[in-house]
Amino acid sequence: MAERRYDPHQIEPRWQALWARERTWEVANEAGPDGRGDQRSAAASDAEQALSSYVLEMLPYPSGEPHIGHLKVYSVGDAIAHYHRRTGHRVLHPMGYDAFGLPAENHAIKTGVHPRDSTAASIESFQREFRRWGISIDWSRELATHDPRYYRWTQWIFLELFRAGLAYRKEAAVKWCPKDQTVLANEQVDAEGRCERCGAIVEVRQLEQWFLRITDYAERLLNDLDGIEWPEHVKTMQRNWIGRSEGAEVTFRCEDLDPAHPIDYPVFTTRPDTLFGATFFVMAPEHPDVLRLVEGTEHEHEVRDYVNHALNESNEERGNAEKEKTGAPLGRTVTNPVNGEQIPMYVADYVLMEYGTGAVMAVPGHDERDHAFARAYGLPIRRVIAGASEPPRPTFTDKDSQVQADWGLTDESLPYAGEGPLVNSHPDFDGMPSREALGAIVQWLDREGKGHASVNYRLRDWLISRQRYWGCPIPIVYCEKCGMVPVPDDELPVRLPDIEDYTPKGRSPLAAAEEWVNTTCPSCAGTARRETDTMDTFVDSSWYFLRYCDASNEQAAWDPAVLKEWMPVDQYIGGVEHAILHLMYARFFTKALADLGHLDFHEPFKALFTQGMVTKDGAKMSKSRGNVVSPAAIIERYGADTARCYILFIGPPDQDADWSDEGMEGVHRFLSRLWRLAVEVSGTGEEVPHAAPPRVGTCADPPSAHAPTGDPPHAVGHGPAHVQARTAEGGDDDLELLRKAHWAIDKVSGDLRRFAFNTAIAAVMELLNECSRLRDRTGVDTQRFALATAASLLFPFAPHVAADIYDRLTGERVWEQSWPQVDPELLERDEYELVCQVNGKLRDRVQAAAGADTEELKELCRAAPNVQAHLDGKQIVKEIVVPGKLVNLVVR
RNA sequence: GCGGCGGUGGCGGAACGGUAGACGCGGAGGCCUCAAAAGCCUCUGUCCGCAAGGGCGUGUGGGUUCGACUCCCACCCGCCGCACCA
């Protein structure tokens with residue numbers, strides 16, 4: 001007989017062909033008799049309706065070929081999908097492509113290849129690779145976000161949001177490159193404020209942009225985190241991003257312009273207890289009133305210059321907290337509502353227009369930034385909270401001390417951001433602990449109509465306009481008569497026109513497509529122009545998980561009844577880099593669509609798993625570093641099973657892992673040994689297993705007869721088989737191997753539930769090692785059972801070789817078998833090794849009977865030879881017994 | 001600065017408060033072979049010791065406990081988010 005060598009290139013395509021031919025992983029929506037899932041899966045018995053499970057990995061952005069990160073997510077997801085299937089679930093496990101986006105467009109600009117073509121090529125290579133990896137995907141539901149059949153519904157959702165007032169247009173400051181004549185994303189502006197492409201100094205322009213009102217959902221996005229099984233760190237990131245702060249809105253009045261018509265400037269503060277320490281007032285450079293306040297005054301020139309300078313700073317520059325504080329006086333004052341003081345107004349870039357009201361009260365005694373500004377501009381610093389270490393000082397009464405306190409000269413301990421009793425404030429509040437004073441002052445403000453308790457969020461509305469070609473068109477037209485008009489639903493999709501020149505010039509590249517832009521108003525039939533911006537690609541991916549459920553529905557985005565069957569996603573898997581944006585947007589869409597009556601659930605992803613990065617030589621893989629590991633090359637050489645298994649074996653999947661070629665060879669050796677031993681035990685040699693007959697044609701049904709190869713196969717996972725094996729073979733070694741198999745079932749099952757694939761695979765390795773060790777001392781049935789169990793447990797990680805082995809050993813299709821059940825009796829042992837400790841140190845090990853009671857165990861321990869040596873006349877003062885484990889003698 | 005995650009052999013990593021180092025890699029020795037590759041077997045934290053055995057060992061320093069990689073307190077280092085958010 002020819003040398004039996006494990007050859008994944010023989011094995012893998014054969015099983016892939018079978019799964020493709022029989023559409024094994026497709027699952028129908030109705031859990032009825034036509035449901036393929038039911039028909040195929042033995043786990044779903046006719047008697048009881050199978051539970052449904054939706055296992056989803058984040059959809060890939062198709063660019064080039066899949067990289068090692070893709071191999072990792074889909075290996076994890078596929079393991080979970082298989083495990084769910086074999087534990088009685090009908091599993092939805094689809095695939096799609098996040099096909100719109102900037103990289104494809106930039107690539108197109110560089111190479112001249114149309115984004116549609118480069119995307120199509122890339123999708124093809126992803127499809128090919130995913131099939132080669134043997135991922136169990138329901139290909140019947142495949143989608144791509146750039147497909148009009150998909151984005152038609154993206155546009156419909158946009159219009160739903162628009163009609164509900166959740167999509168709106170607003171002027172916003174955007175980065176504008178005067179040379180390229182285009183809006184730039186913040187990421188496209190370098191640290192010096194230059195355009196990434198042409199190097200021109202970027203300007204800030206106020207342009208009308210589309211926003212989605214995600215801030216309406218801030219509170220719910222925050223609170224509902226409590227009800228979902230997500231990693232704590234992801235929830236924390238989302239909480240931080242939402243950034244809820246409690247405080248008060250307080251009104252500062254300016255009467256300088258026209259005393260008859262005072263202007264009220266509300267500010268948000270988390271520390272209303274420090275209001276008495278407010279010694280100046282600062283506005284953001286973008287604040288619409290800044291220029292108005294200085295118009296025609298001696299300050300106008302300076303302020304104008306300052307504002308221009310500030311607006312042109314890069315985000316990075318402006319956001320640097322270490323930077324010296326800069327600003328300019330407005331020459332105006334506002335009234336501090338709590339004490340009537342007139343305090344000077346400034347403009348400074350450390351105040352952000354996007355947060356709060358775009359203006360702040362400055363309390364230099366108790367805020368670091370205000371303090372720095374006060375120092376730089378010689379403004380008074382007043383302590384109004386006594387430090388914890390410092391006893392409350394009496395309120396200053398005489399003039400001299402007041403001046404001293406105001407200038408903060410005596411106080412090196414300022415700024416002090418902590419809590420403490422109030423000082424220098426008002427007789428009603430002085431001495432009151434700050435926490436208490438906070439409430440009292442807010443109440444007082446409320447009574448006086450000068451403020452109220454308020455909650456502020458860091459989260460801002462989502463700007464979705466992109467002045468780009470390769471994205472989903474926004475289905476709005478502008479009519480001279482009717483204004484902004486949504487494209488009627490029955491005219492969707494608004495197709496992305498086929499243009500020749502998609503390089504950005506003027507505005508969006510789409511603006512150049514005159515024929516497309518010029519249209520008629522759906523409302524009055526007059527001339528109108530289309531919106532030329534496209535949507536942020538995150539819009540596309542905020543609802544794709546819904547579409548999979550009902551992917552071929554041409555009448556609606558989905559049928560709510562179908563969603564009921566699958567949603568929410570039971571297990572979502574993806575990179576932690578999406579912890580904030582994608583996951584927040586998808587949650588927002590779900591809630592908004594639920595409010596509009598389209599969904600009856602409020603969270604899209606019940607459980608989330610975030611996988612770590614794969615590095616090489618400790619560094620992120622990149623072309624420039626030359627340390628890229630290509631999945632295609634690995635699979636070419638070792639096969640998909642080895643690659644998939646290794647990437648799961650390398651370490652805990654939620655952590656970063658460093659790729660090692662030697663480590664992978666180890667896994668390959670393991671699969672080889674397993675396969676070779678299985679071939680030997682089954683006696684099938686090189687023959688092709690019969691569950692995957694070559695060239696059977698397109699039979700819809702699997703071959704019905706599974707001719708057993710010799711001995712009747714053990715039904716893995718059913719009690720009687722073990723007993724049979726046990727009595728048939730009878731030997732101690734048989735029993736030991738049987739026990740090891742059940743130990744492995746127990747271990748792998750538990751590990752799978754907690755995503756510990758590395759230790760699960762290690763357990764199968766142990767089982768194989770035991771099979772090899774006891775090879776000559778155990779009967780063939782026991783070997784067959786142990787190896788079939790190993791294959792069965794390995795199937796979620798290395799499906800091809802596992803299917804092959806299982807078939808050789810049992811003639812059955814492993815994926816149709818329910819997950820092996822552990823026999824609790826076989827987990828127990830008659831005897832075990834009792835650990836004997838003296839003062840907590842291991843001194844001996846002795847054999848103890850499983851049923852031995854506490855007294856017997858103590859006795860065994862005391863009698864252990866090496867324990868004796870360590871007792872040595874000392875007195876035993878305490879004996880700790882952990883039955884089944886150890887005895888610890890405490891001696892003195 | 002705030003938040004999160006992590007620190008265990010030569011390496012990747014295992015360990016419900018109960019035998020630290022499973023499993024794999026690497027290394028050493030052996031078998032097989034004319035030879036090599038592949039495969040198989042044994043050993044492999046460290047120090048002392050011929051051995052039996054013992055000492056030391058999970059970033060550092062304390063604490064709780066019969067017993068701590070694990071729990072508590074205070075630090076150090078590394079990585080990742082967010083960051084002038086009032």
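The figures that follow rest on heavy atoms only: side chains count, while hydrogens, waters and symmetry mates do not. Convention: sequence-line order gives letters A, B, ...; per-chain numbering from 1.
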B/rA52 phosphate, OP1 or OP2, under 4.0 Å from A/R843 side-chain N/O: no
Select base, sugar-phosphate, or nothing to describe what A/G243 touches, counting heavy atoms under 4.0 Å on all strands. nothing
Between A/D654 (CG) and B/rC5 (P), how many Å, whole number? 11 Å
Determine yes or no for a side-chain-to-main-chain donor-acceptor pair under 3.5 angstrom, with A/T615 supplying the side chain and A/K620 the backbone. no
Has A/Q611 got a side-chain atom pairing as donor or acceptor with A/I573's backbone, closer than 3.5 angstrom? no
Need one value for A/L352: base, sugar-phosphate or nothing, where a base atom within 4.0 Å counts as base even if backbone is also close, heavy atoms only. base
Taking only the C1' atom of each, what is the distance from B/rG55 to B/rG59 in whole angstrom? 22 Å
B/rC47 to B/rG9 separation - P atoms, rounded to the nearest Å: 15 Å
When we call it a touch if two heavy atoms are under 4.0 Å apart, what does A/K325 touch: a base, just sugar-phosphate, or nothing? base
Looking only at atom P, what distance separates B/rC16 and B/rU65, rounded to whole Å? 23 Å
Quiz question: going by heavy-atom distance under 3.5 Å, is there a donor-acceptor pair between the base of B/rC85 and the side chain of A/R460? yes
Tell me the interatomic distance from A/F757, atom CZ, to B/rA14, atom C1', rounded to whole angstroms. 17 Å
Check this one for me: any side-chain N or O of A/N240 less than 4.0 Å away from OP1 or OP2 of B/rG81? no
I need the NZ-C1' distance between A/K841 and B/rU65, as an integer number of Å. 15 Å
Base, sugar-phosphate, or nothing: which does A/T269 touch, judged by heavy atoms less than 4.0 Å apart? sugar-phosphate
Between P on B/rA15 and CH2 on A/W743, what's the gap in Å once rounded to a whole number? 11 Å
Under 4.0 Å, counting only non-hydrogen atoms across every strand here, what does A/R239 touch: a base, just sugar-phosphate, or nothing? nothing
How should the glycosidic conformation of B/rG49 be described, syn or anti, under the criterion that syn lies within 90° of 0? anti
According to the interplanar angle, ranging from 0 to 90°, do the rings of A/F373 and A/Y377 count as parallel (below 30°), tilted (30 to 60°) or perpendicular (above 60°)? parallel
For B/rG45 and B/rC41, measure between their C1' atoms and round to the nearest Å. 23 Å
Just by modelled atom types, is the A/G247 backbone N or O under 3.5 Å from a matching donor or acceptor in the A/S454 side chain? no
Pick base, sugar-phosphate or nothing for A/D370, based on heavy-atom distances below 4.0 Å to the nucleic acid. nothing
With a cut-off of less than 4.0 Å, is there a side-chain N or O of A/R369 near OP1 or OP2 of B/rC85? yes
Please check if the side chain of A/R382 supplies one atom and the backbone of A/T279 the other of a donor-acceptor pair under 3.5 Å. no
Can you check whether A/T759 has a side-chain N or O nearer than 4.0 Å to OP1 or OP2 of B/rA22? no
Which part of the nucleic acid, if any, lies within reach of A/N769 when heavy atoms closer than 4.0 Å are counted: base, sugar-phosphate only, or nothing? sugar-phosphate
Pairwise P distance for B/rU58 and B/rA20, with rounding to whole Å: 12 Å
Looking for any heavy atom pair under 4.0 Å, which part of the strands does A/R773 touch: base, sugar-phosphate only, or nothing? nothing
N or O in side chain of A/R669 less than 4.0 angstrom from B/rA38 OP1/OP2: no
Hey, does A/R754 reach any base, or is it just sugar-phosphate, or nothing, if we go heavy atoms under 4.0 Å? sugar-phosphate
How would you label the contact of A/V667 with the nucleic acid (heavy atoms, under 4.0 Å): base, sugar-phosphate, or nothing? nothing
Of the nucleotides B/rG24, B/rC66, B/rC16, which one has an atom closest to the side chain of A/I880? B/rC66
Enumerate the protein-to-nucleotides 42-50 of chain B contacts in which both atoms are nitrogen or oxygen and the separation is below 3.5 Å.
none

Taking the side chain of A/Q655 as its heavy atoms from C-beta onward, which of B/rG6, B/rA20, B/rC16 lies nearest to it? B/rG6
Whole angstrom value for the distance that separates C1' of B/rC66 from NZ of A/K858: 13 Å
Value in whole Å for how far the C1' atom of B/rC82 lies from NE2 of A/H233: 14 Å
Scan A/N888 against the nucleic acid and name what it touches under 4.0 Å (heavy atoms): base, sugar-phosphate only, or nothing. base
Under 4.0 Å, counting only non-hydrogen atoms across every strand here, what does A/S245 touch: a base, just sugar-phosphate, or nothing? sugar-phosphate
Do the side-chain N and O atoms of A/T215 and A/D461 include a donor-acceptor pair separated by under 3.5 angstrom? yes
Distance only, no hydrogens: is a donor on one side chain within 3.5 Å (strictly under) of an acceptor on the other, for A/Y265 and A/T357? no
Name the nucleic acid region contacted by A/Q837, choosing base, sugar-phosphate or nothing; use a 4.0 angstrom heavy-atom cut-off, strictly under. base
In whole angstrom, give me the gap between the C1' atoms of B/rC66 and B/rG17. 12 Å
So, does A/H870 get its side chain near the phosphate of B/rG54, meaning an N or O under 4.0 Å from OP1 or OP2? yes
Cut-off 3.5 Å, side chains only: do A/R673 and A/N769 have a donor facing an acceptor? yes
Run the side-chain hydrogen bond (donor to acceptor under 3.5 Å, both in side chains) check on A/T251 and A/D264 step by step: do they pass? CA-CA 6 Å; A/T251 305; A/D264 281 341; 5.5 Å; no
Under the 3.5 angstrom rule, does the side chain of A/D367 hit a backbone N or O of A/A362 as a donor-acceptor pair? no
What's the gap between B/rA74 and B/rC11 when it is taken at their P atoms, as a whole Å value? 31 Å
Check whether any side-chain nitrogen or oxygen of A/K740 sits under 4.0 Å from OP1 or OP2 of B/rA22, and answer yes or no. no
Sugar-phosphate, base or nothing in reach of A/V882, heavy atoms under 4.0 Å: base
